[in-house]
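Have a look at the structure below, then the notes.
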Protein chains: 2
Amino acid sequence: MLFGRHALSRVGESSAVTSDMIWAPLFQRLKTTTGADDRDLEALAALPFTLRTFRENQAVLRDGEQPSECCLIADGFCFRSKTIVDGRRQILSIHIPGDLPNLQNLHFPTVDHDLIALSDCTLAFIAHKALNDLISQRSGVGDMFWRDTLVDAAVSREWIVNVGQRSTHNRLAHLIVELRERLRLIGRVIDNTFEIPLTQEQFGEAMGVTSVHTNRILRELRIDGVLELQRGTVRILNEHKLQELAQFDGRYLQMSPSS
Amino acid sequence: MLFGRHALSRVGESSAVTSDMIWAPLFQRLKTTTGADDRDLEALAALPFTLRTFRENQAVLRDGEQPSECCLIADGFCFRSKTIVDGRRQILSIHIPGDLPNLQNLHFPTVDHDLIALSDCTLAFIAHKALNDLISQRSGVGDMFWRDTLVDAAVSREWIVNVGQRSTHNRLAHLIVELRERLRLIGRVIDNTFEIPLTQEQFGEAMGVTSVHTNRILRELRIDGVLELQRGTVRILNEHKLQELAQFDGRYLQMSPSS
DNA sequence: CGCCGCACTTAACATTTGTTGGGTTTGCCT
DNA sequence: AGGCAAACCCAACAAATGTTAAGTGCGGCG
C-alpha cells in the first residue's frame with residue numbers, strides 16, 4: 001500500500017490510479033482513530049472524484065474562494081496559512097496523505113485561509129453535492145467527518161500552545177514529533193527517518209519565528225545530537241532527548257478509538 | 001433580554017430561571033451567524049437541563065475528564081487552557097454567554113484541556129443522550145452544532161496567527177476587537193465600553209507573553225490614547241487607532257449567513 | 001559543463017521580551 | 001477602621017529573537 005512520495009504526481013503518468021490508492025491513507029487513519037464502519041468506507045470509496053496535481057508552492061485554495069468540492073490529499077503534503085497585512089505569514093497546519101483539509105466548506109462556502117502545496121502533490125476532488133447526498137443517506141459518514149474536523153480543531157489548539165508557550169527548541173521538537181506520529185499512522189515512518197518537506201523558512205512560519213532563528217535552533221539540535229534535518233528529511237539521532245524536548249502527549253490526536 | 005453580568009449567578013437567588021434566559025444568547029448568535037431553523041431552536045429549548053454555578057477561577061472541566069453532558073454558558077465568562085509541564089499556561093479561547101465550549105465531547109469522550117470560569121458564572125448542562133436523540137430526529141440540529149464547532153476551529157486558527165505573527169500591540173488589539181465583535185452579537189457592548197474580565201496575567205496567557213509585558217503594552221496603549229483597561233472593563237478611546245492596530249477581518253467568525 | 005537561483009549558514013548588532021524584585025492600589029474580610 | 005491578598009505598576013538587567021548583510025553549497029536548466 002506504500003507508494004513513493006511522488007508516485008501519483010508525475011506529469012504524464014499513465015498508470016491507472018485506482019480508488020483504493022486514493023482512499024487508503026484516510027481509511028487507515030479513520031480505522032485507527034475512531035473506529036470506522038466498513039460499509040461507510042465502501043460507500044465513500046464509491047464516490048466519483050477528480051484527480052488534480054499541484055506543483056510545489058502552488059495554491060490549492062485561496063483565501064476568499066468558494067469551492068464546490070472537498071479535497072482529499074492522495075499524495076504529497078499541503079499546508080494552511082494566513083498572511084497578515086505586513087506580509088508575515090503563519091502556517092496553521094500541515095496536511096499529509098489521507099487528510100481532508102477543507103471539509104469545513106461543506107458548511108461554509110468561503111475559505112478563510114490559503115491551502116498551498118508543500119511538495120508536488122495529487123489531490124482528489126469530491127463534489128459537495130455527492131458528499132452531502134451520501135451524508136444524508138448514511139449518517140455515520142457525517143459523524144465520521146464531524147469527528148475529523150474535531151480532531152483538526154484539537155490539533156489547532158495544541159498548535160496555539162506550541163507557538164504561545166514552548167521555548168523554540170521544544171516547539172520544533174513538538175512539531176516534528178506530532179508530524180511523525182501522524183505519518184506513522186499512514187505508514188510513512190521508516191526507522192528513525194521520515195519526510196517533512198518544509199524549508200527552514202517554512203518551519204519558521206509554522207513556529208512563529210524567523211528563518212534565521214530556525215537555523216540557530218536546528219544547529220543546536222544537531223550539535224546536541226538530537227536530530228538532523230536535510231532537504232526535508234528528518235533523522236532522529238536521540239529519541240530520548242527528543243521526547244524530553246517535545247513534551248508530547250498525543251491524546252489530542254485521538255489515535256485510539258477508546259480515548 | 002439583556003441581564004446583568006451576574007444576574008443568574010448570585011448564590012441563593014430564588015427568582016425563576018426560564019429556559020428563554022438560558023438559550024437567548026445562543027439563539028441570537030445562531031440566527032445571525034448561520035440562519036437557524038426556528039423549529040430546531042424550539043426543539044433545543046425544550047430539552048431538559050441542569051443549572052450549575054461556578055465561582056471565578058473554578059474548573060468547569062479538567063483535562064482528562066469524561067463528561068456525560070455538554071454545557072451552555074448562560075451567564076459569565078469561561079476560558080479553555082492547557083498547562084505544559086513547566087507550569088506555563090496557554091489560554092486557548094474565551095467563551096461568553098451563548099457558547100457551547102465542549103460540544104466536541106458529543107463525539108470524543110475525553111476533554112484534552114481545562115475549561116475554567118473566568119468570572120462567577122452560570123452554566124446549563126444538557127445530557128449527551130438528550131442531544132444525540134434530538135440530533136438523530138432533527139438533522140438540522142446536528143448541522144447547526146457541526147457549524148458551531150467549525151466556527152470554533154476558525155477562531156482557533158486566527159488565534160494561532162495572533163500569537164505567531166502579530167506584534168504584541170497588534171495582538172492585544174486584535175484579541176480585544178474579536179471579543180468585542182462576539183459580545184456585540186449578543187448585545188453586550190454599550191457605547192465604547194464592554195467587559196472582558198481578564199486579569200493582566202490572563203491577557204498575557206492568552207497572548208503568549210508575561211504579565212509584566214502585558215502591563216507594558218497596556219501602558220503604551222493607554223498613553224497613545226487607544227484604549228483603557230480597568231478591572232476587566234475595556235474602554236475604547238480611539239476607534240481608528242484600534243482598528244489600525246488590530247487589522248481585524250471578521251470573516252472567520254461567520255457572522256453573516258451569506259459568507 | 002557552467003551558470004543561476006534558492007536554500008542554507010553565519011556573525012554582528014538591534015530590538016523585543018523575560019526575570020527579578022520591589023513598590024502601590026484595590027477590594028474584601030473581620 | 002485595619003489588615004491582608006491579589007492585582008497592578010514599574011525599573012534595571014538578562015536572555016531570546018529579529019534584522020541585516022554577508023557568505024556557501026547544491027540542484028536544475030540552458
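Letters A, B, ... mirror the listed sequences (proteins, then strands); counts begin at 1.
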Residues, nucleotides or ligands: over 12 heavy atoms within 6.0 Å of Arg184(B) CZ: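 For Arg184(B), atom CZ is crowded (more than 12 foreign heavy atoms under 6.0 Å).
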Could you list where the contact with chain A starts and ends along DNA chain D, reading 5' to 3', using a 4.0 Å heavy-atom cut-off?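 It runs dT17(D) to dG27(D).
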Just checking Gly204(B): base, sugar-phosphate only, or nothing, at a heavy-atom cut-off of under 4.0 Å?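 No contact.
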Do [X] and [Y] have side chains that approach each other closer than 4.5 Å (heavy atoms only, starting at C-beta)?
X         : Y         : answer
Arg188(A) : Pro97(A)  : yes
His213(A) : Thr168(A) : yes
Trp159(B) : Leu92(B)  : no

Given atom [atom1] of [X] and atom [atom2] of [N], what is their separation to the nearest angstrom?
X         : N       : atom1 : atom2 : answer
His213(A) : dA11(C) : NE2   : P     : 15 Å
Asp86(B)  : dT19(C) : CG    : C1'   : 14 Å
Gln165(A) : dT17(C) : CD    : P     : 14 Å
Gln200(A) : dT10(C) : CD    : P     : 9 Å
His169(B) : dT17(C) : NE2   : C1'   : 12 Å

For the pair His174(B) and Tyr252(B), name the ring-plane relationship: parallel under 30°, tilted 30 to 60°, perpendicular over 60°.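 Ring orientation of His174(B) relative to Tyr252(B): parallel.
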Parallel, tilted or perpendicular, judged at 30° and 60°: which one describes the rings of Phe54(A) and Phe125(A)?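 The rings of Phe54(A) and Phe125(A) sit tilted, inter-plane angle from 30° to 60°.
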Under-4.0 Å side-chain N/O to phosphate OP1/OP2 contact, Thr168(B) with dT17(C):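 So the side-chain polar atoms of Thr168(B) do come within 4.0 Å of the phosphate oxygens OP1 or OP2 of dT17(C), strictly under.
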Let me know which of Ile91(B), Ile217(B), Val209(B), Ile176(B) forms a side-chain contact (heavy atoms from CB on, under 4.5 Å) with Phe203(B).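 In the set Ile91(B), Ile217(B), Val209(B), Ile176(B), the residue that makes a side-chain contact (heavy atoms from CB on, under 4.5 Å) with Phe203(B) is Ile176(B).
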If you find the nucleotide of DNA chain D closest to Gly232(B) and the one closest to Val212(A), which residue's nucleotide is nearer the 5' end?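 The residue whose closest nucleotide sits nearer the 5' end is Gly232(B).
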Distance in Å, Glu228(B) CD paired with Leu221(B) CG, rounded so as to fall on 0.5 Å steps: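 If I round to the nearest 0.5 Å, the distance is 11.0 Å.
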Nearest 0.5 Å, please: how far is CG in Asp114(B) from CG in Leu61(B)?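 These two atoms lie 8.5 Å from each other.
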Examine the side chains of His95(B) and Ser93(B) and answer whether a donor and an acceptor come within less than 3.5 Å of each other.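 Yes - a donor-acceptor pair under 3.5 Å links their side chains.
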Would you jot down, in residue-number order, the residues of residues 214-226 of chain A having a non-hydrogen atom under 4.0 Å from DNA chain C?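 Only Asn215(A), Arg216(A), Arg219(A), Arg222(A) qualify.
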If the helix axis at each end comes from five base pairs, how far does the helix from dC1(C)-dG30(D) to dT30(C)-dA1(D) deviate from straight, to 10°?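 Answer rounded to 10°: the end axes differ by 40°.
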side-chain contact (heavy atoms from CB on, under 4.5 Å), that's the test. Do Asp99(B) and Leu72(B) meet it? Break it down for me. CA-CA 6 Å; Asp99(B) 283 1; Leu72(B) 165 66; over 6 Å; no
